[in-house]
Amino acid sequence: MSKNLSVEHLLGIKHLTPDDIEIIFKTADSFKEVINRPIKKVPTLRDITIANIFFENSTRTRLSFELAEKRLSADVVNFSASGSSVKKGETLIDTVNNILSMKVDMVVMRHASVGACHFLSQHVNARIINAGDGTHEHPTQALLDAYSIREKHGNLKGLRVAIVGDIMHSRVALSNIFCLQKMGAEVMVCGPTTLIPKNYEQLGVKVEHNLLKALEWCDVANMLRIQLERQDIKYFPSLREYSMQYGLTKDILDNLGKKITIMHPGPINRGVEITSDVADHEQSIILGQVENGVAVRMAVIYLLAARIGRN
Amino acid sequence: MKAQVIVQKDLFALILKRLCHQLIENHGDFTESVIVGLQPRGIYLANRLSTLLTDITGNQHIQCGALDITFYRDDFRHRDVPLLPSATNIDFSIENKKVILVDDVLFTGRTVRAGFDALLAFGRPQKIEFLALVDRRFTRQIPVEADYVGKYIDTISAERVSVEWCETDGEDKVILLSDKKV
């Protein structure tokens, strides 16, 4: 079977069709098998060069992208804003065009500004993958979350997923909502009123402020981190109070009367949004998410690279 | 498009049986040998051979796997649309084993070349052999020959050979498809 994605860049889940997501998942199935072989590498992208451009800090996403690229045999160059000419006043387009003039075919970019990847895709000649733009989207995280749920539950259709925590500052939340809804799941967001944007009902999600009610409703709970680095004012009195109201403990999990799946996009603040014994619980698929991250990113890179013309 | 059946059901069964006996001649009861079918169409042949070999040799544990070669092909980015992979399923070790790669049609040889590369990601076999149900002679683009051949068919590149299986297509047969003008 052969099929193309409907997009040339992965800027956000919003632009993908359910068909695109299915193609990515199906391709990721094969890459998951590849990364569990004795030799975890395939030669497919040996003539492709990819630049990972990170204007914001990242550990796992960057590592995951780099591993995915290397396991596809692509050449990889890494760039981070600290210690670069960005500090000397160079513009985004100039920075990226300079990198592209060294014959780079694809750019994976994380940037603090919403829409930075979209802007770049209109001005440079390379495939762009959004690795997080401000509080907007983080498409590969949403794809790997949905892929992990699909792997655990078989299908996303009709499944109930609660996203708990700092919804307002989370790009993971928005991408997850788009992705899960496109695949037929029901989505609820849960958190303090100050951390849920007012107009979120218009996205077709349920809004709940009581953690217990949300957990009773859902099949899967995705626990998000409080993004203190993005909060310029205080949205709740203290982390301790947040943790008392919205922290998931083993007691709550064991007394639910049903087995729900626990997810977390990382990095975990143990003892804040979830306790250690929940993070390491048998119902938690957090480490599975990380493994799936490499497979899903390999699939996205493979499918987008197929559309790069040969010179 | 003109379709001409070139191997009927009875002959098809006879060819499979003959291939099995040829394999047994070289591999005995298959304790040191494994069969790997190339995705997508070679797996039907691999499974059928494995079942027949079990009947003939009595070995209930003949190991048979499926290998996808999509990521090892040499035509990535030469096509307008990327090929989507099929499943690979090799749940046994091929280290120091004799591996029989199996595909339905040997045409340009490029698939088998990719198959060798893909196979070596699973270990270092003692020996690799190749079996094709149909060998389209004179169309090779890479110097690859099969160790076991069901039937030689002389074709031109514009023609297509299709192997059909009763599991998926209702009947075992080999069809030659050609443009009416040819």
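Checked against a 6.0 Å centroid threshold, the rings of Y302(A) and F76(B) count as neighbours.
Distance check: T111(B) OG1 to Q39(B) CD gives 12.5 Å after rounding to the nearest 0.5 Å. Rounding to the nearest 0.5 Å places CG of L143(A) at 5.0 Å from CD1 of I24(A).
Few gaps surround CG on D154(B); more than 12 heavy atoms of other groups in view lie less than 6.0 Å from it. Other residues, nucleotides and ligands contribute at most 12 non-hydrogen atoms within 6.0 Å of the NZ atom of K151(B).
Remark: of the listed residues D169(B), D103(B), D68(B), D169(B) is the sole one forming a salt bridge (charged side-chain N to carboxylate O under 4.0 Å, His left out) with R41(B).
The candidate from L5(A), L303(A), D29(A), I48(A) with the greatest count of non-hydrogen atom pairs under 4.5 Å with chain B is I48(A).
Neither the backbone nor the side chain of A299(A) comes within contact range of chain B; no heavy atoms are under 4.5 Å apart. Neither the backbone nor the side chain of I90(B) comes within contact range of chain A; no heavy atom of the residue lies under 4.5 Å from a heavy atom of that chain. With a 4.5 Å cut-off on non-hydrogen atoms, L45(A) touches chain B through its side chain but not through its backbone. For chain B, no part of K40(A) is nearby; none of its heavy atoms comes within less than 4.5 Å. Residue N89(B) does not touch chain A at all, counting heavy-atom pairs closer than 4.5 Å. L72(A) does not touch chain B: none of its heavy atoms, backbone or side chain, sits under 4.5 Å away.
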